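Worth knowing before you read on, the calculation uses all heavy atoms, side chains too, and leaves out hydrogens, waters and symmetry mates. Every chain is numbered from 1, with letters handed out A, B, ... down the list of sequences. Every value quoted in this text rests on a predicted model; they were computed, and no experiment measured them.
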2 protein chains.
Amino acid sequence: MKSATLLSFTEENYLKAIYSLTQKHGSPETSTSHIAEQLSTKPSTVTDMLRKLADKKLIAYEKYRKIELTKSGKQLAILVIRKHRLWEVFLHEKLQFGWDEVHEIAEQLEHIQSEELITRLERFLGFPKFDPHGDPIPSANGELHAGQRITLSDVQINKSCEVVGVNDSSAVFLKYLQQVDIGIGTKIKVLEKISFDGSMAISLPRKVSISVSKKFADNLMVIL
Amino acid sequence: MKSATLLSFTEENYLKAIYSLTQKHGSPETSTSHIAEQLSTKPSTVTDMLRKLADKKLIAYEKYRKIELTKSGKQLAILVIRKHRLWEVFLHEKLQFGWDEVHEIAEQLEHIQSEELITRLERFLGFPKFDPHGDPIPSANGELHAGQRITLSDVQINKSCEVVGVNDSSAVFLKYLQQVDIGIGTKIKVLEKISFDGSMAISLPRKVSISVSKKFADNLMVIL
DNA sequence: CATAATTATTAGGCTCGTCTAAAAATATAT
DNA sequence: ATATATTTTTAGACGAGCCTAATAATTATG
Ligand SMILES: [Mn+2]
Ligand SMILES: [Mn+2]
Ligand SMILES: [Mn+2]
Ligand SMILES: [Mn+2]
């Protein structure tokens with residue numbers, strides 16, 4: 001279960017990016033250009049790294065054809081995500097950082113190498129199950145319970161739901177949520193859906209109803 | 001007061017190494033070979049970096065002649081040390097790591113870039129004044145109070161003193177101290193000094209007296 | 001003070017992660 | 001089915017950080 005060779009920051013970020021993309025798009029495969037976009041780098045740079053990750057058996061790679069995490073590649077990606085989310089909990093719960101501030105710092109902390117550190121951090125935090133954005137925290141052996149979360153867009157008219165997370169963790173989206181007083185646990189009822197542009201009218205506790213865009217509703221995760 | 005260009009891990013480690021060497025040897029200057037040894041690298045590699053640090057005005061460098069931190073170089077070195085020691089406190093106090101385990105992990109954590117993170121960490125820890133090895137924690141504006149600490153070697157026969165820190169933070173020394181039950185706060189009385197090899201006999205609370213080497217006594221910091 | 005020993009710098013080369021420009025493969029559209 | 005557009009890979013280059021071997025400068029010694 002020990003990874004023989006330690007990975008660089010960069011390699012870890014590639015694994016995480018590939019994992020995120022496969023999750024986001026349903027398919028276990030992804031593309032050079034998507035990875036490049038995700039990491040703000042160039043496709044040619046990605047191709048170089050893909051060859052290296054393939055050499056290390058972290059991805060199954062057939063040029064022009066297939067990019068897919070191997071079992072161990074996926075495992076490592078999940079462990080980085082585990083570290084990232086535990087650090088986010090620490091920053092939010094213990095240091096009182098806002099949920100729009102934690103991601104950037106966790107992006108650095110996730111690469112600290114010490115299994116013992118994460119074991120102890122997790123215990124110190126009381127074995128949290130979710131990060132400040134509602135995303136589940138993988139267990140030490142790499143298990144991740146996705147839950148049956150849907151987007152606000154998928155909620156039918158007149159149904160109520162509860163916010164459990166966000167798809168987009170960018171500070172700009174999180175700040176907007178804060179502004180309209182939506183957070184993890186907020187109850188939302190869908191009043192109306194406009195087929196023209198996918199926008200919807202929703203009601204919030206102790207507030208007049210507000211209108212939100214399709215993009216907004218696509219990025220808010222809820223349970224019924 | 002803001003550093004214009006962010007430094008790399010490597011650059012930060014060089015500044016810290018130069019600072020430590022000047023402290024250890026009294027003089028504000030140090031040498032290429034000492035830096036190389038401190039960082040487990042080669043003198044030629046050090047020369048390259050010295051040129052870079054000089055370009056950035058972090059050291060005053062005259063080849064074959066002088067290596068000395070500038071005001072801003074020293075300031076940055078102290079801020080890295082501040083981060084290092086605060087993280088060590090966190091690891092020891094909050095995560096219950098042993099004092100021989102914290103250094104290695106702090107060596108990584110000290111490079112996380114976020115001033116706000118350190119500000120909040122310091123508050124979370126209750127504004128500690130010393131790290132787990134008894135070393136003082138610099139303030140946010142870079143002040144460092146050394147205190148009037150001496151080594152055990154400097155203590156006269158029949159005088160008593162109290163352990164306040166160590167000069168050598170290696171795990172092997174710290175584990176040895178733990179074994180003979182010496183830690184921060186331990187009271188020691190010097191019974192005898194052997195001029196032949198500099199070793200000394202000391203008495204410890206609720207223990208028979210033990211003999212320690214010159215090297216041991218040189219690395220244990222005490223106050224009278 | 002001249003020679004030897006030590007220390008520091010330069011020269012040249014390597015890997016990693018990045019880029020731009022060009023070529024090749026694949027996908028799309030007429 | 002061919003031509004066009006898009007995506008991906010290759011070729012070649014660069015800076016950072018490291019190395020070894022060779023050279024230069026300084027320091028120590030007889
Ligand atoms: Mn995040
Ligand atoms: Mn990252
Ligand atoms: Mn330390
Ligand atoms: Mn370091």
Side-chain angles (χ1 to χ4, degrees), chain A residues 3-18 21-22 25 27 29-69 73 76-77 80 107-108 110-111 113, chain B residues 3-18 21-22 25 27-69 73 76 80 107-108 110-111 113:
Chain A
S3 50
T5 313
L6 294 189
L7 300 181
S8 68
F9 277 36
T10 309
E11 290 168 324
E12 289 191 343
N13 282 338
Y14 271 85
L15 291 180
K16 200 168 60 124
I18 296 169
L21 289 168
T22 59
H25 296 117
S27 155
E29 300 187 23
T30 187
S31 73
T32 302
S33 50
H34 281 136
I35 298 168
E37 193 189 0
Q38 177 90 355
L39 293 173
S40 302
T41 184
K42 302 293 169 187
S44 56
T45 307
V46 174
T47 302
D48 285 347
M49 181 58 79
L50 292 178
R51 222 177 274 110
K52 204 208 297 192
L53 294 176
D55 286 349
K56 296 191 177 185
K57 312 274 190 227
L58 298 171
I59 60 171
Y61 173 54
E62 293 166 28
K63 67 177 178 174
Y64 290 112
R65 295 266 159 236
K66 192 178 74 171
I67 301 169
E68 191 178 334
L69 290 173
L76 287 169
V80 176
E107 204 57 46
Q108 298 178 63
E110 71 188 4
H111 302 292
Q113 317 234 253
Chain B
S3 49
T5 313
L6 294 188
L7 300 180
S8 68
F9 277 36
T10 309
E11 289 168 324
E12 289 192 343
N13 282 338
Y14 271 84
L15 291 181
K16 200 168 60 126
I18 296 168
L21 289 168
T22 61
H25 297 117
S27 155
E29 299 187 22
T30 187
S31 72
T32 302
S33 49
H34 281 136
I35 298 169
E37 193 189 0
Q38 177 90 356
L39 294 172
S40 302
T41 184
K42 303 293 168 187
S44 56
T45 307
V46 174
T47 303
D48 285 347
M49 181 57 80
L50 293 178
R51 223 178 274 110
K52 204 207 297 193
L53 294 175
D55 287 348
K56 296 192 177 184
K57 311 273 190 230
L58 298 171
I59 60 171
Y61 173 55
E62 293 166 30
K63 67 176 180 176
Y64 290 113
R65 294 268 160 235
K66 193 178 72 170
I67 301 168
E68 191 179 335
L69 289 173
L76 286 169
V80 176
E107 204 57 47
Q108 298 178 62
E110 70 188 4
H111 302 293
Q113 317 235 258

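Atom OG1 of A/T22 is separated from atom NE2 of A/H34 by 12.5 Å, given to the nearest 0.5 angstrom. Rounding to the nearest 0.5 Å gives a distance of 11.0 Å between CG of B/L50 and CG of B/D55. Rounding to the nearest 0.5 Å places OH of B/Y14 at 4.5 Å from OG1 of B/T41.
Atom CG in A/L50 sits about 12 Å away from atom P in C/dT18, given to the nearest Å. Atom P of nucleotide C/dT15 and atom CG of A/D55 are separated by 14 Å, given to the nearest angstrom. Going from atom CG of A/D48 over to atom P of C/dT20 covers 13 Å, rounded to whole Å. Rounded to whole angstrom, the span from the CE atom of B/M49 across to the P atom of D/dC19 amounts to 12 Å. Regarding B/K56, its NZ atom lies at a distance of 12 Å from the C1' atom of D/dG15, rounded to whole Å.
Nucleic acid contact for B/S44: base, since at least one base atom lies under 4.0 Å from a heavy atom of the residue. At a threshold of 4.0 angstrom between heavy atoms, the contacts of A/Y14 are confined to the sugar-phosphate backbone, with no base atom among them. When heavy atoms are screened at a 4.0 angstrom cut-off, A/T10 is found touching the sugar-phosphate backbone but no base atom.
At the phosphate of D/dT9, OP1 or OP2 sits under 4.0 Å from a side-chain N or O atom of A/T32. At C/dT18, none of the side-chain N or O atoms of A/T45 fall inside 4.0 Å of OP1 or OP2 (strictly under the cut-off). Taking side-chain N and O atoms only, A/S31 has no distance below 4.0 Å to OP1 or OP2 of D/dT7. Contact between the side-chain N/O atoms of B/Y61 and the OP1/OP2 oxygens of C/dT9 is found at a separation under 4.0 Å. Under 4.0 angstrom from either OP1 or OP2 of C/dT26 there lies at least one side-chain N or O belonging to A/R65.
When distances run from any side-chain atom of A/Y64 to the nucleotides C/dA8, D/dC19, C/dT26, the shortest one goes to C/dT26. When the nucleotides C/dT9, C/dC19, D/dT8 are ranked by their closest atom to the side chain of A/T41, C/dC19 comes out on top. In this structure, of D/dC18, D/dT8, C/dT18, it is D/dT8 that holds the atom nearest to the side chain of A/S33.
Taking both residues in full, the closest heavy atoms of B/L15 and B/G73 are given as CD1-O, 4.1 Å, listed atom of the first, atom of the second, then distance.
Under the 30°/60° scheme for interplanar angles, the aromatic rings of A/H111 and A/F9 are found to lie parallel.
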